[in-house]
There are 2 protein chains.
Amino acid sequence: MRHDEDAPPAHTPAPAEAAPPSPPVRRTARRATGRVTLDDVAREAGVSAITASRALRGTRGVDAALAERVHAAAARLGYVPDPAARALASAHSQHVAVLIPMLSNTLFVELLESVQRTLTPAGYQTLIGVTHYRPDEEEALLRSYLAHRPAGLLVTGFDRTPAAQALIDGSGLPCVHMMETRQAPGVHSVGFSQQAAGRAITEHLLARGRRRIAYVAGQMDPRVMQRAEGWRAALRAAGCHDPALELMDPTPTSMALGGRLFRELMARHPDVDGIFFCNDDLAQGALLAALRMGIAVPQQVAMAGFNDLAGSDQMIPPLTSVRTPRAEVGAQAATLLLGLMRGQQPAQPTVDVGFELVVRQSS
Amino acid sequence: MRHDEDAPPAHTPAPAEAAPPSPPVRRTARRATGRVTLDDVAREAGVSAITASRALRGTRGVDAALAERVHAAAARLGYVPDPAARALASAHSQHVAVLIPMLSNTLFVELLESVQRTLTPAGYQTLIGVTHYRPDEEEALLRSYLAHRPAGLLVTGFDRTPAAQALIDGSGLPCVHMMETRQAPGVHSVGFSQQAAGRAITEHLLARGRRRIAYVAGQMDPRVMQRAEGWRAALRAAGCHDPALELMDPTPTSMALGGRLFRELMARHPDVDGIFFCNDDLAQGALLAALRMGIAVPQQVAMAGFNDLAGSDQMIPPLTSVRTPRAEVGAQAATLLLGLMRGQQPAQPTVDVGFELVVRQSS
DNA sequence: CTGAAAGCGCTTACAG
DNA sequence: CTGAAAGCGCTTACAG
């Protein structure tokens with residue numbers, strides 16, 4: 001059923017004879033009146049609005065008995081503070097803007113969940129921004145979120161447009177960088193060395209006796225490039241670095257891409273005996289492709305992934321990977337930010353949470 | 001390096017002799033003064049604040065030339081409206097609260113991205129709430145988000161606590177339900193029949209000559225139960241429903257769980273010749289387990305999943321599944337909500353986007 | 001430790 | 001079509 005564009009909406013009431021001069025009805029709620037305000041709570045508790053405000057916010061310097069009365073009154077009336085009014089008056093919301101590249105990589109979902117587990121109980125609300133690995137989108141998100149006067153910022157990595165960086169710096173807001181670390185004055189970060197992790201997993205393949213080790217990657221974001229750097233360093237040190245074995249594709253990673261890149265690689269370089277994939281989904285796809293092609297893993301080609309994602313332990317054979325402690329990163333970054341938002345000087349501005357090799361049968 | 005708790009922060013400046021009576025320095029930005037306000041824009045454009053406000057919001061009834069001047073002035077000054085002030089004055093923010101069960105199921109990530117692709121260009125900001133399939137968490141999120149006076153609500157399905165439902169109803173806000181459909185006065189929904197989809201995929205297995213068809217599920221959320229209902233209906237109609245072949249686990253779905261449930265099922269019922277999994281990750285895990293156990297798919301056991309997730313087409317053999325149009329659901333739900341927020345009567349309060357069988361070699 | 005006044009930056013409702 | 005006044009619901013200074 002469709003209404004004609006110009007036809008009056010079906011629910012319009014017939015005009016009554018002596019209708020009272022009521023204001024036009026809006027579809028949405030009109031709580032302007034209904035809302036329980038701080039003044040209501042203050043009146044109920046027999047104190048001033050300021051005292052009620054201070055008691056509710058837990059500001060010290062309020063008589064315990066009074067505070068008790070205020071809390072009781074608030075509970076009785078079902079008072080919920082208005083975040084907009086609070087933000088307007090104090091110039092800061094209880095929002096924390098969290099900028100991550102992508103939600104389809106479960107890595108970032110786990111990071112996010114961990115951040116929220118720390119921030120939510122502390123009374124902060126996360127404003128989730130997905131940049132799709134695009135610097136221009138990150139800049140736009142930053143611009144839009146900054147208008148909401150967040151209390152703090154959580155961002156991924158260090159690579160962004162100068163304008164985006166200027167927005168962060170100019171805001172003067174506490175900001176913690178996640179997933180990578182960098183030592184610099186006034187810079188806060190929680191992560192690990194992507195390059196060291198890339199180097200470690202490559203050295204593991206070398207220790208397995210492999211010499212023709214390829215690096216296969218998708219997405220090509222900054223961290224993927226840092227892992228490549230680690231791969232190069234390890235192979236150069238071992239004297240068997242071949243730039244031709246570096247296969248990168250800007251497409252987002254997926255099992256399908258992994259299968260395709262693996263077939264490409266083996267067609268071009270049949271002598272490859274080890275592969276380091278920048279992300280587990282690529283490796284999973286390659287593992288299945290190898291099974292289909294009859295290429296023995298690890299006998300003919302050893303494989304290792306990155307991030308130890310769900311399902312990697314279920315593969316045939318189970319996949320060797322690098323376990324990246326994203327939950328730890330999220331928790332520590334949020335905790336660090338919490339301290340900064342309270343005006344505290346952090347014990348350490350940079351936290352390296354490390355990484356862990358998970359050696360399974362694919363290598 | 002660690003600072004002693006009581007030591008003064010390292011950056012405290014030495015007290016100057018004739019220091020001006022400046023206010024105490026705060027770590028965070030003090031834009032109270034710096035901020036460009038609507039009044040600045042109005043002054044720059046030579047109009048009143050109201051006119052500037054109306055011009056910027058695109059309210060009709062502003063002289064074109066004036067509006068042009070206002071926009072130019074805003075651009076020149078780099079004016080960014082303050083969402084908090086706007087929300088406080090108008091009793092509504094530009095937020096839309098989106099409540100989804102989980103981010104680790106890529107289904108919901110795709111749904112969300114699609115919602116944002118529609119809402120963001122329209123000037124709305126999504127407030128993402130993850131309920132973890134827990135009614136109490138949903139209720140708490142609703143309470144907290146409603147305080148932010150969102151302009152609209154997007155929720156998943158219809159099953160929630162009475163209190164949560166009362167919050168939604170009492171808010172008077174436009175609300176669209178996603179993933180399921182339900183015909184009821186004043187209720188808006190975009191989705192498809194989970195039961196019909198469950199029935200259709202089961203009938204497909206029946207058409208392949210299978211008679212001992214099991215339903216294997218995790219999570220056990222309302223939609224998983226509706227699919228079970230479809231499975232039952234199809235088998236009853238075919239005269240071969242066996243309740244013993246219904247294997248459900250409350251654990252979140254994963255490849256590992258799929259492998260485990262598959263082994264359990266085959267141990268208990270070696271005669272099973274077809275399996276419908278409530279989600280593709282379960283089926284993927286089962287497929288790998290079958291490969292490991294030497295059980296031929298589809299010869300001995302045909303398998304079908306649900307949602308056609310990433311990787312299912314890469315499996316050995318490629319997995320038959322039900323493609324659920326979550327991007328379509330997200331787009332249509334957001335569009336419907338947009339109309340409601342503008343006070344329009346929707347052409348149809350319920351949109352069924354359907355589903356599609358994707359038959360591959362596993363069945 | 002408590003409070004009266006002012007103001008945050010917008011929009012609503014009312015006039016003209 | 002445009003505007004002056006009032007107010008949204010809080011918190012920030014400033015006093016006492």
Side-chain angles (χ1 to χ4, degrees), chain A residues 21-26 28-43 45-70 74 77 79-94 147-149 151, chain B residues 21-26 28-43 45-70 74 77 79-94 147-149 151:
Chain A
S22 60
V25 177
R26 296 185 50 198
T28 48
R30 338 179 67 236
R31 345 175 170 138
T33 352
R35 189 156 196 132
V36 177
T37 71
L38 186 63
D39 275 313
D40 298 329
V41 175
R43 206 171 305 120
V47 299
S48 73
I50 303 312
T51 300
S53 168
R54 284 196 273 246
L56 258 16
R57 273 178 299 146
T59 307
R60 41 172 252 145
V62 177
D63 184 77
L66 276 194
E68 186 46 53
R69 243 162 58 203
V70 171
L77 299 179
Y79 171 69
V80 181
D82 185 322
R86 185 172 268 186
L88 187 58
S90 72
H92 279 296
S93 70
Q94 291 295 98
H148 284 86
R149 323 195 204 204
Chain B
S22 61
V25 176
R26 296 187 49 198
T28 48
R30 338 179 66 237
R31 343 172 171 140
T33 351
R35 189 158 198 131
V36 177
T37 71
L38 186 63
D39 275 313
D40 298 328
V41 175
R43 205 171 306 121
V47 298
S48 72
I50 304 311
T51 300
S53 169
R54 285 196 273 246
L56 258 16
R57 273 176 299 147
T59 306
R60 40 172 252 146
V62 178
D63 183 80
L66 276 194
E68 185 46 52
R69 243 161 61 203
V70 171
L77 300 180
Y79 170 69
V80 180
D82 185 324
R86 184 172 270 186
L88 187 58
S90 70
H92 280 295
S93 69
Q94 292 295 99
H148 284 86
R149 321 197 205 204

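Bear in mind that the values here come from a model prediction, so they are computed numbers and not experimental data. The chains referred to below are lettered A, B, ... by the order of the sequence lines, with proteins before strands, and numbering in each begins at 1.
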Taking the side chain of [X] as heavy atoms from C-beta outward, which of [options] is closest to it?
| X | options | value |
| --- | --- | --- |
| A:Val47 | D:dC10, C:dG3, C:dC10 | C:dG3 |
| B:Leu38 | C:dC10, C:dA13, D:dT11 | C:dC10 |
| A:Arg35 | C:dT2, D:dG3, D:dG9 | D:dG9 |
| B:Leu88 | C:dG7, C:dG9, D:dG3 | C:dG9 |
| B:Ala89 | C:dT2, D:dT2, C:dT11 | C:dT11 |
| B:Tyr79 | D:dT12, D:dT2, C:dC10 | C:dC10 |

Atom [atom1] of [X] and atom [atom2] of [N]: how far apart are they, to the nearest Å?
| X | N | atom1 | atom2 | result |
| --- | --- | --- | --- | --- |
| A:Arg43 | D:dC10 | CZ | C1' | 15 Å |
| B:Asp39 | C:dT11 | CG | P | 11 Å |
| A:Ile50 | D:dA13 | CD1 | P | 12 Å |
| B:His148 | D:dG9 | NE2 | P | 16 Å |
| B:Arg69 | D:dC1 | CZ | C1' | 14 Å |
| B:Arg86 | D:dG7 | CZ | C1' | 18 Å |

Is any side-chain N or O of [X] closer than 4.0 Å to OP1 or OP2 of [N]?
| X | N | result |
| --- | --- | --- |
| B:Thr37 | C:dG9 | no |
| A:Thr51 | C:dG3 | yes |
| A:Ser53 | D:dT11 | yes |
| A:Ser48 | C:dG3 | yes |

**Request:** Provide the closest heavy-atom pair for B:Ala84 versus A:Ala87 in the form atom of the first, atom of the second, distance.
**Result:**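 Minimum heavy-atom contact is CB-CB, 3.8 Å.
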**Prompt:** With a 4.0 Å cut-off on heavy atoms, is A:Arg57 in touch with a base, just the backbone sugar-phosphate, or nothing at all?
**Reply:**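 Sugar-phosphate, no base atom in range.
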Which distance, rounded to the nearest 0.5 Å, do you find between the [atom1] of [X] and the [atom2] of [Y]?
| X | Y | atom1 | atom2 | value |
| --- | --- | --- | --- | --- |
| A:Leu77 | A:Arg43 | CG | CZ | 10.0 Å |
| B:Arg57 | B:Ser90 | CZ | OG | 8.0 Å |
| B:Ser48 | B:Asp39 | OG | CG | 9.5 Å |

**Message:** I want to confirm an ordering. Mapping B:Asp63 and A:Ala85 to their closest nucleotides on DNA chain D, which one lands closer to the 5' end?
**Reply:**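 Between the two, 5'-proximity favours B:Asp63.
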**Asked** For D:dA4, which nucleotide is its Watson-Crick or G-U wobble mate, given both distances must be under 3.5 Å?
**Response**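 Base-paired to nothing in any strand shown.
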**Prompt:** Mind checking who D:dA13 pairs with, Watson-Crick or G-U wobble, both distances under 3.5 Å?
**Reply:**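 The answer is none; no pair meets the criterion.
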**Request:** Please examine the side chains of B:Leu56 and B:Leu38, heavy atoms only from C-beta on, and report whether any two atoms are closer than 4.5 Å.
**Result:**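 Yes; the side chains approach each other to less than 4.5 Å.
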